[in-house]
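Remember, predicted model here, so these are calculated numbers, not experimental data.
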Amino acid sequence: MLSQQNRLKKYSAFIATYKLKNIAADNIMCIYFGKEKTSSDAAVKFAFVVSKKIHKRAVVRNRIKRLMRESIRLILKENSIQNINNYMSVICVAKPSSVNADFYQIDSSIKRLISSKVL
RNA sequence: GAGAGUAUCUGAACAAUCACGUAUAAGCAAUUAUAUGAGGAAAGUCCGGACACCUAAGGGCAGAACGACGGAUAACAUCCGCCUGGGGCGACCCAAGGACAAGUGCCGCAGAAAAGUAAACAACCGUAUAAACGGUUCAGGUGCAACGGUAGUGUAAAAGACUACAGGGGAUAUCGUAAGAUAUCUGCCGGGUAAACUCCGUUCGGGUGCAAGAUUGAAUAAAAGGUUAAGGUGACCCGCCGUCUUUUGAAAAUCGCAAAGAACUGCAAGGUAACUUUCAGUCAAGACAGAUGAUUGUUUUAAAACAGAAUCCGGCUUACGGGAUACUCUCUUUU
RNA sequence: GCCUCUGUAGCUCAGCUGGAUAGAGCGCCUCCGUCCUAAGGAGGGCGUCGCACGUUCGAGUCGUGUCAGGGGUA
């Protein structure tokens with residue numbers, strides 16, 4: 001789990017991020033990027049969405065969410081990708097093929113999508 | 001040794017690094033330290049409650065649920081014991097298991113006839129060719145089912161008309177708290193269906209469900225309508241409430257709610273058992289974009305099954321890996 | 001979390017209340033028709049009535065359980 005300051009909580013923030021339609025996607029997931037940061041002080045806020053349509057069982061959905069969270073956590077800790085600090089909010093939405101993916105697939109997918117994103 | 005039956009248990013452990021929820025302590029604070037953090041089904045939401053609110057919540061009647069008998073329980077459609085019926089060689093398992101002899105409905109096709117003490121056609125017997133009349137429905141045939149069954153007596157031919165055997169119903173006696181069991185007597189023999197309407201008995205019978213609801217925000221708040229019959233409650237009726245009714249009242253926070261109860265664990269006593277009681281001990285997840293994770297190593301043969309708490313309890317049902325334990329049954333072999 | 005509804009042919013539905021032939025429209029296939037196609041005409045159904053168990057002589061229909069899908073409620 002991410003620390004409190006890195007979580008996206010407000011319903012209005014979700015709506016705002018979705019409306020921008022600033023998307024990067026592959027066959028495992030789909031990432032929505034929010035507005036550009038005006039000041040560099042505030043932390044980036046993340047959210048993770050796994051729909052009930054992807055899998056029926058809650059255990060599988062929780063597993064995907066936790067793997068995505070862990071990947072983001074490691075990125076923030078190592079500060080490996082500078083690109084990520086440009087945005088106010090990031091939402092990761094899983095796709096149905098992510099059911100069979102392991103941690104390394106999800107991790108590489110997230111790293112590729114974020115680092116290749118150009119403003 | 002093999003194959004079965006019943007009941008119960010288990011549902012990986014340890015270490016390292018990084019991270020999250022909650023509580024406590026320290027600190028102005030950032031934060032740090034310590035403790036602790038999913039299940040046997042947390043699931044389905046199928047029953048039963050606790051609890052909360054709705055001005056008022058009373059009576060009747062619809063209605064709903066249950067259905068052998070006795071008990072357990074806060075309650076239940078649950079559980080225990082037992083009876084009856086059915087299945088299995090057996091251990092054992094299964095059962096919505098009241099009433100069709102109160103009334104009504106339904107029973108296709110076939111068949112004389114599907115419930116009406118019933119023969120139109122048909123068949124058998126007699127008067128003795130036939131016709132007609134009288135007796136009968138035994139046999140034959142239909143159908144899931146034919147107004148009781150099998151064998152005999154009897155008769156022109158037949159019929160519980162009579163006898164024996166087994167079955168059902170009823171009565172009496174004994175045993176059992178009871179369902180019921182056993183014995184004797186009795187020609188009484190009335191088709192099936194109530195998971196058809198219905199009747200009988202028992203229980204419930206105002207509704208909504210924690211997104212219930214309370215407080216802060218938030219203030220003798222604002223606007224509209226109504227004026228003694230509109231409105232509210234309610235499936236419906238009676239009744240009741242009644243000067244008020246309706247609408248708006250944001251985001252957010254605290255409580256409800258995580259601490260303590262129909263709680264869990266253990267011993268003892270009572271009881272066939274479910275369960276109850278006394279005593280001792282324990283406090284053990286709790287959010288609101290929603291915690292319990294990731295990687296690596298070691299161990300066991302392998303870490304793999306079903307599956308993720310959302311107000312809380314008691315059940316039921318369904319899903320499920322590899323094992324372990326106890327008792328019991330049948331068959332085979334050896335002594 | 002709570003409350004509800006629906007599963008029948010490839011698709012959309014009826015039949016279910018009230019038990020005894022599984023049907024309608026569209027689509028599909030074959031033939032006729034036409035130089036060819038379309039329209040039109042004739043014929044054709046292959047469905048475990050979501051699944052399982054029960055009640056009944058007999059179940060798409062009645063009862064119970066279960067699975068899947070949809071809708072409502074802040």
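- For C14(B), the paired base is G297(B) (Watson-Crick or G-U wobble, both distances below 3.5 Å).
- Of the P atoms belonging to A305(B) and A26(B), the separation is 46 Å, rounded to the nearest Å.
- For A260(B), there is no paired base (Watson-Crick or G-U wobble, both distances below 3.5 Å).
- To the nearest 0.5 angstrom, D107(A) atom CG is 9.0 Å from E70(A) atom CD.
- Nearest heavy atom pair, residue I110(A) against residue S71(A), reads CD1-OG, 3.8 Å.
- Both A47(A) and L67(A) sit near RNA chain B, but only A47(A) has its closest nucleotide nearer the 5' end.
- Separating the CZ atom of R69(A) from the P atom of G21(B) is a distance of 11 Å, rounded to the nearest angstrom.
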Give every pair of a protein N or O atom and an N or O atom of nucleotides 305-310 of chain B that lie under 3.5 Å apart, one pair per line with the distance.
| from | atom 1 | to | atom 2 | distance (Å) |
| --- | --- | --- | --- | --- |
| A307(B) | OP2 | R57(A) | NE | 3.3 |
| A307(B) | OP2 | R57(A) | NH1 | 2.9 |
| G308(B) | OP2 | A58(A) | N | 3.3 |
| G308(B) | N7 | N62(A) | ND2 | 3.4 |
| G308(B) | O6 | R66(A) | NH1 | 3.2 |

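- Syn is the glycosidic conformation of G40(B), whose angle stays within 90° of 0.
- Regarding E70(A), its CD atom lies at a distance of 10 Å from the P atom of U292(B), rounded to whole Å.
- Its glycosidic angle being more than 90° from 0, A194(B) falls on the anti side.
- A194(B) and C62(C) are spaced 12 Å apart, taking the C1' atom of each and rounding to whole Å.
- Atom CD1 in I106(A) sits roughly 13 Å away from atom C1' in G293(B) (whole-Å rounding).
- The gap from the P atom of A62(B) to that of C237(B) amounts to 16 Å, rounded to the nearest Å.
- On the P atoms, U48(C) is 34 Å away from C3(C), given to the nearest whole Å.
- Atom-to-atom, CG of L74(A) to C1' of G293(B) comes out at 11 Å; the value is rounded to the nearest Å.
- For I75(A) and U295(B), the CD1 to P distance is 15 Å, given to the nearest whole Å.
- Rounded to whole Å, atom C1' of A289(B) lies 13 Å from atom CE of M68(A).
- For D26(A), the side-chain hydrogen bond (donor to acceptor under 3.5 Å, both in side chains) criterion is met by S109(A), R112(A), not counting sequence neighbours.
- Just one residue in the list I106(A), V93(A), V50(A), I64(A) forms a side chain to side chain contact (heavy atoms under 4.5 Å, CB included) with M29(A), and that residue is I106(A).
- Comparing the same atom, P, in G167(B) and in A131(B) gives a spacing of 49 Å after rounding to whole Å.
- Between V49(A) and I91(A) the shortest side-chain heavy-atom distance falls below 4.5 Å.
- A 3.5 Å limit on both hydrogen-bonding distances identifies U311(B) as the Watson-Crick or G-U partner of A50(B).
- In terms of polar N and O atoms assigned as donor or acceptor, the side chain of R73(A) never comes within less than 3.5 Å of the base of C20(B) in a complementary pairing.
- U186(B) and G169(B) make up a base pair, with Watson-Crick or G-U wobble contacts both under 3.5 Å.
- Nucleotide A12(B) carries an anti base; the chi torsion (O4'-C1'-N9-C4 or O4'-C1'-N1-C2) is more than 90° from 0.
- Of the C1' atoms belonging to U227(B) and C244(B), the separation is 10 Å, rounded to the nearest Å.
- Scanning for side chain to side chain contact (heavy atoms under 4.5 Å, CB included) contacts around S89(A) gives L8(A), T17(A), with sequence neighbours left out.
- Within the 4.5 Å cutoff, no side-chain heavy atoms of I23(A) are placed close to those of I31(A).
- Stretches of at least 3 consecutive Watson-Crick or G-U wobble pairs, with each checked distance under 3.5 Å, appear in RNA chain C as C:1-7 with C:67-73, C:10-13 with C:23-26, C:28-32 with C:40-44, C:50-54 with C:62-66.
- Of the nucleotides present, G135(B) is the one that pairs with C124(B) by Watson-Crick or G-U wobble criteria, both distances under 3.5 Å.
- The partner of A181(B) is U174(B), by the rule that a Watson-Crick or G-U pair needs both atom distances under 3.5 Å.
- Nucleotides G18(C) and G23(C) have their P atoms positioned 24 Å apart, rounded to a whole Å.
- A gap of 14 Å separates the C1' atoms of A258(B) and C210(B), to the nearest Å.
- Residue D107(A) contributes atom CG, which lies 14 Å from atom C1' of C18(B) at whole-angstrom precision.
- Nucleotide G21(B): paired with U36(B) (Watson-Crick or G-U wobble, both distances less than 3.5 Å).
- For G213(B), the base is anti relative to its sugar; the glycosidic angle deviates from 0 by more than 90°.
- Between the CZ atom of R66(A) and the CZ atom of R69(A) there is a distance of 7.5 Å, given to the nearest 0.5 Å.
- Between I114(A) and I72(A), some side-chain heavy-atom pair lies under the 4.5 Å cut-off.
- Using the Watson-Crick or G-U wobble rule with both distances under 3.5 Å, A161(B) pairs with U153(B).
- Rounding to the nearest 0.5 angstrom, the gap separating the CZ atom in F48(A) from the CG atom in L67(A) is 11.0 Å.
- Partners of A58(A) according to the side chain to side chain contact (heavy atoms under 4.5 Å, CB included) rule, which considers only residues two or more places apart in sequence or in another chain, are R61(A).
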